[in-house]
Each structure stands twice: as C-alpha cells, then as structure tokens.
Amino acid sequence: MKKNILVLVPMLALLAACGSTNTYLANKTSTVEMYHIFDIRTTAGTATVAKAAADGLGQNSNAVDTKTPLQMGVAVPATPGRFTLVDMGAKMAGTGIGAMMQMAAMQNGGVGMKTANCEGAVWTARAQRTISGSSNLTLYGCLYRYQKGFHLDTYAVFQKVEGGLQQVTRDIAFKMVGTPEEWVNKTILDMVRSIESGANAKVTHLEGQPELGAEPGIAKFGQR
C-alpha cells in the first residue's frame, strides 16, 4: 500500500502541472470596457483644447478620426453634456447584421458592439490601436464645453488575446514594453497631459471605471 502511495504522488503532481500548462496555453479572448471623465479648467478656446486632445490621442494610435461639429446658435450651457453608449446590435435589431451582432455578443459574455454617442460635444474622436495577435483598442473621446471650461469624456473597449503557443512571446513583450491595459491607461492620460500643456489647463479626474492603473514602464521616457 505504501508503495502505491509513493507512485501516486508524483503522478498527481504531473497531472496538476499539465492542468496549469493547459490553462496557460488555452486560447482565450477577453473584451474589456472602461470610461473616464475629466474636468478641464482653462481660458483657451475650443480649437486649442481640441487640437491638444487630438495630439495626445495620436501619440499611441494607429488611426484617429476627429470631428468638430458646428454649434450654430447654441449657447454655452451651465453644465457639461455627457456621453451615452449605443449598442449597435440592439439598434439594428430586426436586420441580418443586427442578429449577427447580438449572436456575437452572446458568445462574448454579453458584451456587444458598443459605440459612444457624443451628442452635443464640440469635438469628437475615434482612435484605434491594433497589435496583431495581441490586442485591439477602440477609444472614443467627447469634448463638451460649458461655462466653467470643458469636460472630456473617454470610452475605451479593447479585445485582448491570451494563451496559445504565442503566449510566451507575448509575456516577454509585455515585460519589455507594457501590457495592453497599461497602454490603454497611457493613451487616455496622454490626452490629459497634452491638454494640460497645450491649453495651459488644470485637469481633474472626476469619475470612471475600472480605475486608471499603471502605465508602461517605458512611458516615462516619452513624457515631457
């Protein structure tokens, strides 16, 4: 009996090790959403603040699309506007594309294809950052003017790929240049820093989730 136990123990250890390896190598895709809202106090005009925001956003993006809607006859409000989220699958319900989007959302843990609605914003932006085989980020920015300054609303959604035979390579790259989550934080904070310097502004973080965490270690080399 004692002999059987001695044989069984290393076998169990081997199976446990195999389970850990399988978990590590299993192909996984996760979708993460986040939003953050900032208050901007400055005497600079809309064009200056918008340019600074665009400059900061462009530092970490593959492509940036910005728009400056006309504000004809619109008085500056006492309180700023606020972005809303639009579920494209629900919006296009009843169509073939909408059904496909809703099915994809069910397979993705209920996270559908969402976009930020920046109704009433004086400037909007949509940026993308894609790293093949690792992550894909879409970031929306909505700049709202009000009597005391501006609000910058940001909404980010990114897909992260983990596991598989490439995971070892990803882990090495993440240690060298930072994780996808850290780069999302940097992309948002670079907009804030650019506004602070380009528009001589005082920017205060008001709310958001999840919390803004660390930036990539190499970020400090590019900060002014």
Side-chain angles (χ1 to χ4, degrees), residues 32-86 88 113-130 135-158 180-213 215-216 219-224:
V32 180
E33 296 178 277
M34 66 188 302
Y35 85 97
H36 288 279
I37 297 176
F38 301 87
D39 182 59
I40 303 167
R41 299 298 175 93
T42 178
T43 57
T46 299
T48 300
V49 178
K51 182 182 184 305
D55 288 345
L57 187 56
Q59 293 180 27
N60 308 288
S61 305
N62 301 126
V64 180
D65 177 31
T66 64
K67 293 181 175 63
T68 308
L70 290 174
Q71 302 287 317
M72 297 175 63
V74 178
V76 178
T79 57
R82 184 184 177 97
F83 84 105
T84 57
L85 290 179
V86 178
M88 297 304 295
M113 183 179 293
K114 298 177 184 177
T115 62
N117 179 6
C118 302
E119 183 69 30
V122 296
W123 173 87
T124 67
R126 181 179 183 273
Q128 289 185 296
R129 174 184 171 84
T130 302
S135 62
N136 179 56
L137 165 69
T138 302
L139 175 65
Y140 297 88
C142 312
L143 185 66
Y144 292 98
R145 187 177 180 185
Y146 76 117
Q147 291 177 2
K148 293 183 179 181
F150 298 85
H151 267 198
L152 175 66
D153 294 10
T154 64
Y155 168 69
V157 55
F158 73 98
E181 291 86 349
E182 291 172 340
W183 277 98
V184 176
N185 295 335
K186 182 179 187 302
T187 302
I188 294 174
L189 292 173
D190 275 346
M191 293 179 68
V192 171
R193 285 188 283 259
S194 183
I195 292 172
E196 287 178 327
S197 60
N200 192 26
K202 180 181 179 181
V203 182
T204 304
H205 181 259
L206 297 179
E207 63 174 278
Q209 58 176 280
E211 293 184 3
L212 280 169
E215 297 180 72
K220 59 185 178 182
F221 298 111
Q223 294 178 10
R224 296 181 293 275

Considering all heavy atoms, the nearest [X]-[Y] contact:
{"X": "Asp153", "Y": "Gly81", "answer": "OD2-O, 4.1 Å"}
{"X": "Ala50", "Y": "Trp123", "answer": "CB-CD1, 3.5 Å"}
{"X": "Tyr146", "Y": "Val76", "answer": "C-CG1, 3.5 Å"}
{"X": "Gly58", "Y": "Val64", "answer": "CA-CG2, 4.0 Å"}
{"X": "Ala201", "Y": "Ile40", "answer": "CB-CG2, 3.7 Å"}

Exercise. Under the side chain to side chain contact (heavy atoms under 4.5 Å, CB included) rule, what do Trp183 and Asn185 come out as? Steps first, then yes or no, please.
Key: CA-CA 5 Å; Trp183 277 98; Asn185 295 335; over 6 Å; no
Any side-chain heavy-atom pair of [X] and [Y] under 4.5 Å:
{"X": "Met34", "Y": "Gln209", "result": "no"}
{"X": "Leu139", "Y": "Ile188", "result": "yes"}
{"X": "Thr68", "Y": "Val122", "result": "no"}
{"X": "Lys186", "Y": "Pro216", "result": "yes"}

Exercise. Hey, can you tell me if Tyr35 and Phe83 have their rings parallel, tilted or perpendicular (30° and 60° cut-offs)?
Key: tilted
First locate atom [atom1] of [X], then atom [atom2] of [Y], and finally report the distance between them rounded to the nearest 0.5 Å.
{"X": "Lys51", "Y": "Thr66", "atom1": "NZ", "atom2": "OG1", "result": "11.5 Å"}
{"X": "Phe150", "Y": "Cys142", "atom1": "CZ", "atom2": "SG", "result": "14.5 Å"}
{"X": "Tyr144", "Y": "Ile37", "atom1": "OH", "atom2": "CD1", "result": "9.0 Å"}
{"X": "Glu215", "Y": "Leu189", "atom1": "CD", "atom2": "CG", "result": "4.5 Å"}
{"X": "Phe158", "Y": "Thr138", "atom1": "CZ", "atom2": "OG1", "result": "11.5 Å"}
{"X": "Gln128", "Y": "Arg126", "atom1": "CD", "atom2": "CZ", "result": "4.5 Å"}

Quiz item: Are Glu33 and Lys114 within salt-bridge range, i.e. N to O under 4.0 Å?
Solution: yes
Practice problem: In plain terms, say whether Arg82 and Glu207 are close enough for a salt bridge, that is, a side-chain N and a carboxylate O under 4.0 Å apart. | Solution: yes
Quiz item: Quick one: are the ring centres of His151 and Phe38 less than 6.0 Å apart?
Solution: no
Exam field: side chain [X] to backbone [Y], donor-acceptor pair closer than 3.5 Å:
{"X": "Gln71", "Y": "Ala121", "answer": "yes"}
{"X": "His36", "Y": "Ala156", "answer": "no"}
{"X": "Asp39", "Y": "Thr204", "answer": "no"}
{"X": "Thr48", "Y": "Ala44", "answer": "no"}
{"X": "Arg129", "Y": "Asn60", "answer": "yes"}

Self-check item: Any side-chain donor near an acceptor of the partner, Asn117 and Tyr140, under 3.5 Å
Solution: no
Quiz item: With a 3.5 Å cut-off and no angle check, do the side chains of Asp55 and Ser194 form a donor-acceptor pair?
Solution: no
Quiz item: Of Asp190, Leu152, Thr42, Asn200, which meets side chain to side chain contact (heavy atoms under 4.5 Å, CB included) against Ile195?
Solution: Leu152
